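Accompanying notes for the structure given below.
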Amino acid sequence: MLELPGTPTAALVPVTHHGRPVGAFVLHGGRVRYRPVFDPDRLLGATVGVLAVGLAAAAVAARGRRRPPAIGALTMGPGGWVSLKGLPAPTPRAPRPWWARVLRARRLVIER
């Protein structure tokens, strides 16, 4: 027990856990009160945890707002033609020629 300076009726009993101070019992005026010690490591740990959860929530929210592109892959062919993958085939602007209808010809599609 330690005597507080200036007041002979008050006493201070420190409380430690694994060699670290965690609080103290204060005896004053016939009453006993426990006073915890401020632990900056505990505050830092809580702050880091809250920050990590906040960053994870922001990343999930940002990922959810991202829209897929309107077209798939855009590639340029050797003759200057452009291929847009992911879009439906365009409808022909002109009617099919008579010989294609007679022969029931199909478009040549090369698959890779």
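Computed from a prediction, not measured in an experiment: that's the story for all the values here. The basis for the numbers below is simple: all heavy atoms, side chains too, and nothing from hydrogens, waters or symmetry mates.
- More than 12 heavy atoms of other residues, nucleotides or ligands sit less than 6.0 Å from atom CZ of Arg101.
- Scanning both residues, Phe25 and Val32, for their nearest heavy atoms gives CD2-CG1, 4.0 Å.
- At least one side-chain heavy atom of Leu12 sits under 4.5 Å from a side-chain heavy atom of Val26.
- One hydrophobic cluster, built from ILVMFWY side chains closer than 4.5 Å, cannot hold both Tyr34 and Val37; they sit in different ones.
- Linking Ile, Leu, Val, Met, Phe, Trp and Tyr residues whenever their side-chain heavy atoms come within less than 4.5 Å leaves Leu51 and Val48 in two separate clusters.
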